[in-house]
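Just the heavy atoms: all of them, side chains too, but no hydrogens, waters or symmetry mates, feed the values below. Proteins come first, then strands; the chains are lettered A, B, ... in the order of their sequence lines, and each starts at number 1.
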2 protein chains.
Amino acid sequence: MTDTSWLNQLQDNGCRVTSARRAVVETVQGSPRALTPVEVFDLARQRYSALGLVTVYRTLEKLEELHLIQRVHQPHGCQAFISAGHGHQHLLLCKQCGQVEFFDGDDLKPLTESIEQRTGYQIQEHWLQLFGLCEKCK
Amino acid sequence: MTDTSWLNQLQDNGCRVTSARRAVVETVQGSPRALTPVEVFDLARQRYSALGLVTVYRTLEKLEELHLIQRVHQPHGCQAFISAGHGHQHLLLCKQCGQVEFFDGDDLKPLTESIEQRTGYQIQEHWLQLFGLCEKCK
DNA sequence: TTGAAATTGAAAATCAATTTCAATAATTGT
DNA sequence: ACAATTATTGAAATTGATTTTCAATTTCAA
Ligand SMILES: [Mn+2]
Ligand SMILES: [Mn+2]
Ligand SMILES: [Zn+2]
Ligand SMILES: [Zn+2]
């Protein structure tokens, strides 16, 4: 996913390419950790100083609709966003520095089937998130 | 966990037993689904009509401190609370009616060890949540 | 180049959550 | 039972995040 590609996808969905959007897109796309709207605002203004916070909210909303970013839920808050993972992936977060990694290969089928039998529920989705310390922080 | 026990635990931690707290405790404790502060407010006022929303927030805060309730994160929002699970348990939520069940017996050790090797992270915690349809709703 | 349509940021409005505070209610010691 | 002490209360004000409104500007297809 390159910078151009995010802007292209916006364009393909009837959006116009503007300086404000470029600044937001470049900021969020390059971040190794999840950013809140205000953090995006502060960082993106270094690229385009006339940027308004409202446009940050509006752009994040569009990027989330297109599944280019995703919301990250954490004990401290659930307002931050990160570049979306690809396919079936889950998040691994460093509790120290906030660095985000994606992983895949989790197999929850045995677990969910056993729980379906025990509870009578039909399981459709799961949320899985790991927390720990990254190589630098541990 | 009976009603008395929650109020006793509050009392043991230096809190007084009041009508307002009784109403909030009885409401949250008896709920099969997660409730937001405003939902607690509306339901608890049927028991004690003079209740204030501020007291709901304050009581929920205390109950969470004592680990008697826990916050439930969902796609639509992360403000709701439910009676806490016991020991190492995770949530199973009905997407239709919101009914909450707890389950245990998940074994993520093989997965986390493999991810520790792949990523160099030291994994400390995990969040797991299942979504689906309960017996009645499916 | 032109003009329609999307986008912008400032300001106002909304909504959830917290703080302040004087009045009230629960406990403690008598 | 009865004060005296202290926690608790709800109303109102405040804060902080997000959304809406709107007139001015910018983008882009023709
Ligand atoms: Mn998975
Ligand atoms: Mn587990
Ligand atoms: Zn780290
Ligand atoms: Zn259900």
| Picking from C:dT8, D:dT9, C:dT19, which would you name as closest to the side chain of B:Thr18? | D:dT9
| So what does B:Val17 touch, heavy atoms closer than 4.0 Å: a base, only the sugar-phosphate, or nothing? | sugar-phosphate
| Quick one: are the ring centres of A:His88 and A:His86 less than 6.0 Å apart? | no
| request: Considering just the side-chain nitrogens and oxygens of B:Gln79, establish if one lies under 4.0 Å of OP1 or OP2 belonging to C:dC15. | output: no
| field | Phosphate OP1/OP2 of C:dT27 contacted by B:Gln11 side-chain N/O (<4.0 Å) | value | yes
| Interatomic distance, B:Leu60 CG vs D:dT8 P [rounded to whole Å] | 15 Å
| request: Return the value, rounded to whole Å, for the distance between atom CG of B:Leu51 and atom P of C:dA25. | output: 15 Å
| field | Check: A:His73 ring centre within less than 6.0 Å of B:Trp127 ring centre | value | no
| Does A:Tyr48 have A:Arg45 sitting over its ring (NZ/CZ under 6.0 Å from centre, angle to axis within 45°)? | no
| request: Let me know the distance between CZ of A:Phe41 and P of D:dG16, rounded to the nearest Å. | output: 16 Å
| said: Pair A:Lys95, B:Glu125 - check side chain to side chain contact (heavy atoms under 4.5 Å, CB included), show working. | reply: CA-CA 10 Å; A:Lys95 288 169 90 174; B:Glu125 292 176 51; 2.2 Å; yes
| query | Which nucleotide in the list D:dT27, D:dT20, C:dT8 gets nearest to the side chain of A:Ser19? | reply | D:dT27
| task | Report the distance from atom CG of A:Leu7 to atom C1' of D:dC28, rounded to the nearest whole Å. | result | 15 Å
| note | Whole-Å distance, A:Arg58 CZ to C:dT8 P, equals 7 Å
| query | CG of B:Leu53 versus P of D:dA13: gap in Å, rounded? | reply | 16 Å
| request: Would you mind telling me which residue lines up with the more 5' stretch of DNA chain D, A:Val38 or A:Cys15, judged by nearest nucleotide? | output: A:Val38
| field | D:dT9 phosphate, OP1 or OP2, under 4.0 Å from B:Arg21 side-chain N/O | value | yes
| query | Starting at the 5' end of DNA chain C and moving along, which residue's nearest nucleotide shows up first, A:Thr59 or B:Glu61? | reply | A:Thr59
| task | Please work out if B:Tyr48 contacts a base, only the sugar-phosphate, or nothing of the nucleic acid, heavy-atom cut-off 4.0 Å. | result | sugar-phosphate
| field | Separation of D:dT9 C1' from B:Tyr57 OH (nearest whole Å) | value | 17 Å
| message | Salt bridge or not between B:Arg21 and B:Glu26? Use side-chain N to carboxylate O under 4.0 Å. | response | no
| request: Go ahead and name the base partner of C:dT7; Watson-Crick or wobble counts if both distances stay under 3.5 Å, otherwise write none. | output: D:dA24
| task | Could you please name the partner base of D:dA30, counting Watson-Crick and G-U wobble pairs only when both distances are under 3.5 Å? | result | C:dT1
| task | Take atom CZ of B:Arg16 and atom P of C:dA26, then tell me their distance rounded to the nearest Å. | result | 9 Å
